[in-house]
Amino acid sequence: MTSSERDKYDKIMDLSRRRGIFWTSFEIYGGVAGFYDFGPIGVLIKRNIVNQWLKYFVYSRENIVEIETPIINPRVVFKASGHEEHFTDPVLVCNKCGRVYRADHLIKDLLNIEVEGWSPEEITKLVQEKELKCPECGGDFAPAFNALLLFTTQIGPYRGETAYLKPEHAQGMFINFPHLFKILRNTLPLGIAQVGRVARNEISPRQGLLRLREFNIMEIEFFFDPEEADREVSRVVSDVEDEKLWVLTADMRLKNIEEPAEFTVRELIDRKLVKTPWLAYWMGIGNKFVKSLGVPPDKIRFIEKLPHERAHYSAQTFDQEVLTEKFGWIEVAGYAYRTSYDIERHAANSNADFEVFKKFEEPIIVKKELAYPNPSEISKLVGSEKTREVLQSLYSRKPEELARELSEKGYVEVQGFKLPANCFYVKREEEKIHGKKFYPHVVEPSFGVERLIYVALEYAYTEREGKIVLKLPPQLAPYHVAVFPLMAGNKPEHVKMVEIAKSIYKRLVARGFRAVYDDDGSIGRRYARADEIGIPFAITVDHQTLEDNTVTIRDRDTTEQIRIEISSIEKYLVEKLGLEQFL
RNA sequence: GCGGCGGUCGUCUAGCCUGGACUAGGACGCCGGCCCUCCAAGCCGGAGAUCCCGGGUUCAAAUCCCGGCCGCCGCACCA
């Protein structure tokens, strides 16, 4: 098989191993599925992708802050979030044939006993007591266990508290919302970002970097007031309102339409295709961000999840997908409208106050009627021995409610007695209401870093005359520039070239450029090595340099060279690398 | 997890069916040296593989058998 016939995926995996981008972890012990090590070049590319994301999603937005929270979380967090409930299947495995059963389903079918919520130990005990065998082969069952996609650990070295490794960052932001809301002086909207590692104990990880057991997520939980969303979005939407996205909505899917249509962010909002305009806003930012990684716009699409495909917390979800050669369309991000689901859950499970106070422009004046029991009249009507009981029952109800019943029916019914108006003191008053409390809603854009690395590599991968050229966007390249002496021999002019090249290299590094120096092998070989890892520019010190202080700068993508003064190298690079511009 | 296919220097591969001369061969890459005025040049030398791991059959296993691990494909799973 020649190199051009092997598929791009294999070639990228080869390149990645060979040049130190990434490779299977624990290789010397045979490897473990779902884990990858990142090498010297890989960590640089990865960091650049993260930095690019921070630029687009955090640093250039108002009211978005970044935090870091632990990977190890006490169990209560994922109880409150619903993960434990939705992520745990008690499983029975047959020792003889290896078949796997959902324990609760099997026991319900065979013994008609409901064991939902039982611990694995209790299930195991029941299986032993009832001598339950595998219905397929009659074999014995191994002890039951919970098939969790959450990794389990303990806090404390022995007899510790059960804990989980987080499978997403979201809970870290939700938990911290009350605190951060105060730190940021009670302002909505408020976006909380987090970048870092998460872990999911996938049943069967595959497909290289696409399905990992430990990986990095870049996520924002964006808290906002649903009633103010239109107004607040209109203040910032100019950044993205004309951004064109390819979108396939759930409605279109239900009509068996398979091809997405092009919408601007503005159209998604105006045509109410999104349940909150913030969803469209972040999708617009996300579209720009993924394009900046080198993916053409027509290779990016947003697919709305159908109701039954959505997670339990989501009112509307779009997946952002990128077309790859190897795997077809792959999900690189999800945009979920989580409403107030999560913070209401945490509010219910803790004593923290997640509600936000919203002041009205003008206080609202509410006219109220209040009815208070008149004990002496009630006593006359119900008799002295019943008075106490009736009064207690009336005091447990709100005065407003009593007034309402009284005005609607003409009496208040309690313990079989119908109490007329004269049994109550009725009071009319005006109340000024200055505002209200509410749970903010949340929109969550969430990106998988490793998937983006794969996508960026696939779009960057090209070959020229049988050699690999990684055409990464300059901002993702592991190095900005390589510096070479044309010759590195022992002749005096060669020694001089090495000296000048090294000084240029040192100066560039000192000025904050990521640069490499290389004098090993022929000049052509060094260009080829630089091309392979996507270094956009190569500076060569040659004989002419010794005469007039100029060097050549070679462009990775065209191999064309121009000659410039040593003193103007920095200016040239800043301009060509696009380092002065943001978005 | 189930089924199918696969795993030999860093990479690609020869050998496996038909066990023995395999001390596992080659190419590319890598390392050292020489030589070189710009795109993987040339010459000389070198390192690099307990043939994925474990067990079995055999006088003898890279080669045959069993189990495991890892990968690819399909199914299932994917809050």
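Per chain, numbering begins at 1; letters A, B, ... match sequence-line order.
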Using purine N1 to pyrimidine N3 plus N6-O4 or O6-N4 for Watson-Crick, or N1-O2 and O6-N3 for G-U wobble, both under 3.5 Å, which nucleotide pairs with [N]?
N       : answer
rC12(B) : rG26(B)
rG45(B) : rC31(B)
rG19(B) : none

_Suppose we screen for salt bridge (charged side-chain N to carboxylate O under 4.0 Å, His left out). Which residues come up paired with Arg525(A), at least two apart in sequence or across chains?_
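Partners of Arg525(A) under the salt bridge (charged side-chain N to carboxylate O under 4.0 Å, His left out) test: none.
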*asked:* Below 4.0 angstrom, which residues in residues 319-348 of chain A have at least one non-hydrogen atom near RNA chain B?
replied: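 The stretch gives Lys326(A) as the residues lying under 4.0 Å from the strand, ordered by number.
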Donor-acceptor pair under 3.5 Å: do we get one between [X]'s side chain and the base of [N]?
X         : N       : value
Arg200(A) : rC78(B) : no
Glu465(A) : rC39(B) : no
Glu532(A) : rA40(B) : yes

*When all nucleic acid strands are considered with a 4.0 Å heavy-atom cut-off, which category describes Gly489(A): base, sugar-phosphate, or nothing?*
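Touches nothing.
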Hey, is the side chain of [X] poking within less than 4.0 Å of OP1 or OP2 on [N], counting only N and O atoms?
X         : N       : value
Arg17(A)  : rU11(B) : yes
Arg526(A) : rC39(B) : no
Ser522(A) : rA41(B) : yes
Arg525(A) : rC30(B) : yes

_Looking at Lys471(A), I'd like to know if its NZ atom is crowded, meaning that more than 12 non-hydrogen atoms belonging to other residues, nucleotides or ligands lie closer than 6.0 Å._
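Check passes, neighbour count above 12.
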*asked:* Does Asp548(A) have more than 12 heavy atoms from other residues, nucleotides or ligands lying within 6.0 Å of its CG?
replied: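 Yes, because the 6.0 Å sphere around CG of Asp548(A) holds more than 12 heavy atoms from other groups.
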*Shortest non-hydrogen contact from Asp519(A) to Pro485(A)?*
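Looking at all heavy atoms of both residues, the closest pair is CB-CG, 3.6 Å.
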*Would you mind telling me which of rC38(B), rA79(B), rU37(B) lies closest to the side-chain atoms of Met487(A)?*
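Given the options rC38(B), rA79(B), rU37(B), the side chain of Met487(A) is closest to rU37(B).
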*Choose from rU37(B), rA79(B), rC31(B) the nucleotide whose nearest atom is closest to any side-chain atom of Lys491(A).*
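So the nucleotide nearest the side chain must be rU37(B).
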*Phe222(A): which of Phe57(A), Phe177(A), Tyr335(A), Trp278(A) passes ring pair (Phe, Tyr, Trp, His ring centres under 6.0 Å)*: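 One option only clears the test, and that one is Trp278(A).
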_Residues which pass ring-ring contact (aromatic ring centres under 6.0 Å, His included) with Tyr439(A), listed by chain and number, not counting sequence neighbours_ =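 Applying ring-ring contact (aromatic ring centres under 6.0 Å, His included) to Tyr439(A) gives none.
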